[in-house]
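A note on names: the letters A, B, ... follow the listed sequences, proteins ahead of strands, and every chain is numbered from 1.
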Amino acid sequence: MIENEKHPLNFIETIINEDIKEGKNAGRVHTRFPPEPNGYLHIGHAKSIILNYGLAKKYSGKFNLRFDDTNPTKEEQEYVDSIMEDVKWLGADWEDRLFFASDYFDQLYEWAEKIILAGNAFVDDQSAEIISEQRGTPTKPGIESPFRNRTPEENLDLFRRMKAGEFQNGERVLRAKVDMASPNMHMRDPVMYRILHAHHHRTGDKWCVYPMYDWAHGESDYLEGITHSVCTLEFEVHRPLYDWFVNQIQETDYRPRQIEFARLNLSYTVMSKRKLLELVKERYVNGWDDPRMPTISGLRRRGYTSESLKLFADKVGVAKRNNVIDVALLEHSIREDLNQKATRAMAVLDPVKLIIANYPDGLVEEMETENNPEDKDAGTRNLPFSKEIYIEKNDFMIDPPRKFFRLGPGREVRLKGAYIIKCEDYKLNSETGEIETIYCTYDPDSRSGMEGSKRKVKGTLHWVSAQHAIDAEVRLFDRLFISESPEDGEDYKTNINPGSLKILENCKLEPSLKTVSPGDKFQFQRLGYFCVDLDSTAEKLVFNRTVPLRDSWAKMRGK
RNA sequence: UGCCCGAUGGUGUAAUUGGCAACACGUCUGAUUUUGGUUCAGAAGAGUUCAGGUUCGAGCCCUGGUCGGGCAACCA
């Protein structure tokens, strides 16, 4: 349970091992994922979910999903629903432990009264501005509120009246009495409750005082028996306060422990909820689940599998230093997964007609082809072949360079799973000058499987029989931002990639793809991994390109 | 002029109680290949932020600097 010989321990596992060794919390491990329902989850959250759930599994512990819903002005049911869907999709199973911080409002309130009675919290009548001024700055100590020394009785009375709704928003707050001179700003008599006459998505209008994060979070952990409360680095300075609050209410020697790790950053994208919200609201993308978004729902729609995200999280690791992960690592992870699983298919995205002059008119042959060379159990299917086919426009060049292993005048090429053909002639469009038709002959003895097919031929092309082809729209995505770190400049929006979405209307697919449904994943041979989009219907098929195949030819040409 | 973190190839993460830096991605060769994919073989690339110290020996320990990040919502 402690060791995993495949991987060295990350620093959190090291801590957990020590805790277990020391017998802390009876050796239990219990983690949680605590999202605020004020936006959709992104791949950074995926890292956290996979980490927290993974720790629970590894140590035979438990994992909770808890919504941190202490601010009714920002939170919505829509987000709760999407978050649950995403966490579930990632395979993190909270079993019967779905919680909300709002479940604990009564308990929290009761504890707050106790802390008041103990003389460790007081009601402050001052405005937010004044309180903020008195707090000082990181280099200058704060000064104490004039209301700091009210009697517990007066504080209790005031707090009860706050709860009863006698005051307006902002009129009073409950503050913990810690230390206004602390070098840690968070210890300078932090606010525990503020007055918010707002409708809460779960508790309705029952409350008009709402707990602040620092007060609610650690106590929620405590109530749930969380042992290791994993969060991101920016909460590091909150830890003393986390511990202070737990100290106020602690009854046994059980203690939750906050551990901070570095959040995930990805090159060529933004990760803050605020910015993602902006992209959605200002229509730079088509919603939270736009396949270009780094959201979990966007990645899912794009064709990413949850397994690929786990592979990714594994490669990324867990540490405390700030990082920027190359998107290439994400792309590698999905290729790694899909290469094993995706059914291969023939699809021509930018078609040009090719006529095989010596192939019998009207003949249709069924070409048996394997569904996945990486998986023998995937079986085979038949592809119809005929005199007129489509190939990819960029698989033909009139005057090809030496290293171009594709079709050109006088050149021979293999049609994957079918015959070897030779280009005899071509015709250009009289107006545009673009290639319009390619004329070839085929070698009847070169059908796949025949002796004649064993010849060495430079290139192999994918193709689709013209008369059997079905039409589809294919959406190609590029990175949403031009810049590797779009948040560096003044305004990240100036770095938006105007060409991040390209829609191809006239794609030709092999007929077996007629009956696909949204979410189905394929490798379009020689092109990349594609999945059926949510917009796809039987009348109009729509595919998303998840990621292209590695392309050493494109790389050569780029140089 | 405060407090808290962090610093290892281009990127990310490792390095048993201190024992001459490993893995992954990326890059570059070559082989195989009816996907210019996959697979396989190999290469380049850091001497661990700097300066001292302890030690037979330091990426790991100590001291001091430098650089980077975080902290001053009635947000989380």
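- Between A:Leu415 atom CG and B:U34 atom P there is a gap of 15 Å when expressed in whole angstrom units.
- Residues A:Lys521 and A:Thr305 have side chains in contact (heavy-atom distance under 4.5 Å, counting atoms from C-beta outward).
- For B:G37, the base adopts the anti conformation, since its glycosidic angle falls more than 90 degrees from zero.
- For the P atoms, the distance linking B:G69 with B:A43 amounts to 38 Å, nearest Å.
- For the pair A:Leu383 CG and B:U34 P, the interatomic distance rounds to 18 Å; values are reported in whole Å.
- Judged by atom type and distance alone, A:Gln340 does not reach the base of B:U38 through any side-chain donor-acceptor pair under 3.5 Å.
- Within the nucleic acid shown, A:Leu549 comes within 4.0 Å of at least one base atom, counting heavy atoms only.
- More than 90° away from 0 lies the glycosidic angle of B:A41, which makes this nucleotide anti.
- In this structure, the nucleotide among B:C25, B:C5, B:G6 sitting nearest to the side chain of A:His332 is B:C25.
- Nucleic acid contact class of A:Lys273 (heavy atoms, under 4.0 Å, all strands): none.
- Contact of A:Ser448 with B:U34 (side chain to base): a donor-acceptor pair of N or O atoms is detected under 3.5 Å.
- Closest to the A:Arg526 side chain, of the nucleotides B:U13, B:G36, B:U34, is B:G36.
- Where stacking is scored as ring centres under 5.5 Å apart with planes under 30°, A:Tyr213 does not register as stacked on the base of B:A76.
- Inter-residue side-chain proximity for A:Leu233 and A:Asn322 is flagged as met; some heavy-atom pair is nearer than 4.5 Å.
- Between the side chain of A:Arg344 and the base of B:U35, at least one donor-acceptor pair of N or O atoms lies under 3.5 Å.
- When side chains are defined from C-beta on, A:Asp314 does not count as touching A:Ser333, because their heavy atoms never get closer than 4.5 Å.
- If you check every strand for non-hydrogen atoms under 4.0 Å, A:Arg321 touches a base.
- Listed in residue order, the members of residues 167-182 of chain A having a heavy atom less than 4.0 Å from RNA chain B are A:Gly170, A:Val173.
- Rounded to a whole angstrom, the distance from the C1' atom of B:U66 to that of B:U49 is 7 Å.
- Rounded to an integer number of Å, the gap from A:Asn322 CG to B:U8 P is 11 Å.
- With A:Asp124 as the partner, the side-chain contact (heavy atoms from CB on, under 4.5 Å) test is satisfied by one option alone out of A:Ile131, A:Val191, A:Leu158: A:Ile131.
- Where A:Lys456 and A:Pro34 each meet RNA chain B at their nearest nucleotide, the meeting point lying more 5' is that of A:Lys456.
- Using atom C1' as the reference point in both B:A22 and B:A76, the two lie 39 Å apart (nearest Å).
- In this structure, of B:U38, B:G70, B:U35, it is B:G70 that holds the atom nearest to the side chain of A:Glu234.
- The separation of B:G59 from B:G19, taken at their C1' atoms, amounts to 13 Å, rounded to a whole angstrom.
- A salt bridge is defined here as a Lys NZ or Arg NE, NH1 or NH2 lying under 4.0 Å from an Asp or Glu carboxylate O, and A:Asp443 with A:Lys422 fails to meet this definition.
- Candidate nucleotides B:G12, B:C25, B:G26 were compared by shortest atom distance to the side chain of A:Ile325, and B:G12 ranks first.
- At the heavy-atom level, A:Asn184 lies nowhere under 4.0 Å from the strands shown.
- In this structure, A:Tyr242 has its ring center at least 6.0 angstrom away from the ring center of A:Phe235.
- Here A:Val457 lies out of heavy-atom contact (under 4.0 Å) with every strand.
- No salt bridge links A:Arg526 with A:Glu392; every basic N to acidic carboxylate O contact stays at or beyond 4.0 Å.
- Whole-Å rounding puts the A:Met185 CE to B:C3 C1' distance at 10 Å.
- Of the residues in residues 66-75 of chain A, those lying under 4.0 Å from RNA chain B by heavy-atom distance are A:Asp68, A:Thr70, A:Asn71, A:Lys74.
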task: Give the intermediate values and the outcome of salt bridge (Lys or Arg N to Asp or Glu O under 4.0 Å) for residues A:Arg202 and A:Asp69.
output: CA-CA 9 Å; A:Arg202 299 198 90 231; A:Asp69 56 349; 5.1 Å; no
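- A:Val318 pairs with exactly one of A:Val230, A:Ile12, A:Leu55, A:Leu264 by the side-chain contact (heavy atoms from CB on, under 4.5 Å) rule, that one being A:Ile12.
- Counting non-hydrogen atoms under 4.0 angstrom, A:Lys320 reaches the backbone sugars and phosphates but no base.
- Listed candidates were B:G36, B:A76, B:G12. Nearest to the side chain of A:Phe404 is B:G36.
- Across all strands, A:Gly449 comes closer than 4.0 Å to base atoms (heavy-atom distances).
- Picking from B:A24, B:U34, B:U38 the nucleotide with the shortest atom distance to the side chain of A:Glu374 gives B:U38.
- Ranking B:C74, B:C75, B:U35 by closeness to the A:Gln525 side chain, first place goes to B:U35.
- Heavy-atom nearest nucleotides on RNA chain B were determined for A:Ala319 and for A:Pro138, and the one closer to the 5' end corresponds to A:Pro138.
- Among the protein residues, A:Glu260 comes within range of no part of the nucleic acid, since none of its heavy atoms lies under 4.0 Å from any strand.
- Partner of A:Phe530 under the side-chain contact (heavy atoms from CB on, under 4.5 Å) criterion, out of A:Val547, A:Leu476, A:Leu509, A:Thr546: A:Leu476 alone.
- For B:G47 and B:G57, the P atoms lie 23 Å apart once the distance is rounded to whole Å.
- Computed from coordinates, the A:Phe312 CZ to B:U13 P distance equals 11 Å when rounded to whole Å.
- Ring pair A:Tyr419/A:Phe385: centre-to-centre distance below 6.0 Å.
- Residue A:Phe235 is in base contact, counting any heavy-atom pair closer than 4.0 Å across all strands shown.
- When the C1' atom is used for both B:U55 and B:U17, the distance is 16 Å, rounded to whole Å.
- In this structure, A:Arg135 reaches the sugar-phosphate backbone alone: every heavy-atom distance under 4.0 Å involves primed, P, OP1 or OP2 atoms, never a base.
- Listed nucleotides: B:U34, B:A76, B:U38. Nearest to the side chain of A:Arg194: B:A76.
- If you check every strand for non-hydrogen atoms under 4.0 Å, A:His186 touches sugar and phosphate atoms only.
- Between the base of B:G36 and the side chain of A:Arg406 there is a donor-acceptor pair shorter than 3.5 Å.
- Among the atoms of the strands shown, base atoms are found under 4.0 Å from some heavy atom of A:Val237.
- Using P as the reference atom, B:U8 and B:A14 are 11 Å apart when rounded to the nearest Å.
- A distance of 3.0 Å separates OH of A:Tyr104 from CD of A:Glu224, quoted to the nearest 0.5 Å.
- In this entry the distance linking CG of A:Asp337 with C1' of B:A24 reads 17 Å, nearest Å.
- Within 6.0 Å of CD on A:Glu451 lie no more than 12 heavy atoms contributed by other residues, nucleotides or ligands.
- Separation of the C1' atoms belonging to B:A21 and B:C62 is 23 Å when rounded to the nearest angstrom.
- Other residues, nucleotides and ligands contribute at most 12 non-hydrogen atoms within 6.0 Å of the CZ atom of A:Arg263.
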